[in-house]
Amino acid sequence: MTGATRQARLRERRKDLHRLDLWISPESAEMLKALCRRYGMTQGPMIEKLVREKAAKEGDISES
């Protein structure tokens, strides 16, 4: 498989995702890593889980 083919497949898988580029404190980064280890998740899905849980708890935030 060529590099171009792999890249095309990757782009296809990610077409419905939104990229975030952000900075967080070292303490928060360590807490995020610990949560990821505890739940066996990578950072992207963990952040999604946390956002969805917080939104559900707030009750007045709807998905678009």
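Values below: all heavy atoms of this structure, side chains included; hydrogens, waters and symmetry mates excluded. One-based numbering along the sequence shown.
Scanning both residues, Arg6 and Met1, for their nearest heavy atoms gives NH1-O, 2.8 Å. Counting all heavy atoms, side chain and backbone alike, Cys36 lies closest to Met46 at SG-CB, 3.7 Å.
Tracing side-chain contacts under 4.5 Å through hydrophobic residues (I, L, V, M, F, W, Y), one reaches Val51 starting from Leu32; they form part of the same cluster.
Between Lys54 and Glu58 there is a salt bridge, since at least one side-chain N of the basic residue sits less than 4.0 Å from a carboxylate O of the acidic one. A salt bridge does not link Arg9 to Glu12: none of the charged nitrogens lies less than 4.0 Å from a carboxylate oxygen.
Between atom CD1 of residue Ile24 and atom CE of residue Met31 there is a gap of 8.5 Å, rounded to the nearest 0.5 Å. Between Ile47 atom CD1 and Met41 atom CE the span is 10.5 Å, to the nearest 0.5 Å.
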Run the side-chain contact (heavy atoms from CB on, under 4.5 Å) test on Gln7 and Arg11 for me, step by step, so that the C-alpha distance in whole Å, both residues' side-chain angles and the decisive distance to 0.1 Å come before the verdict. CA-CA 6 Å; Gln7 184 68 30; Arg11 286 186 178 140; 3.4 Å; yes
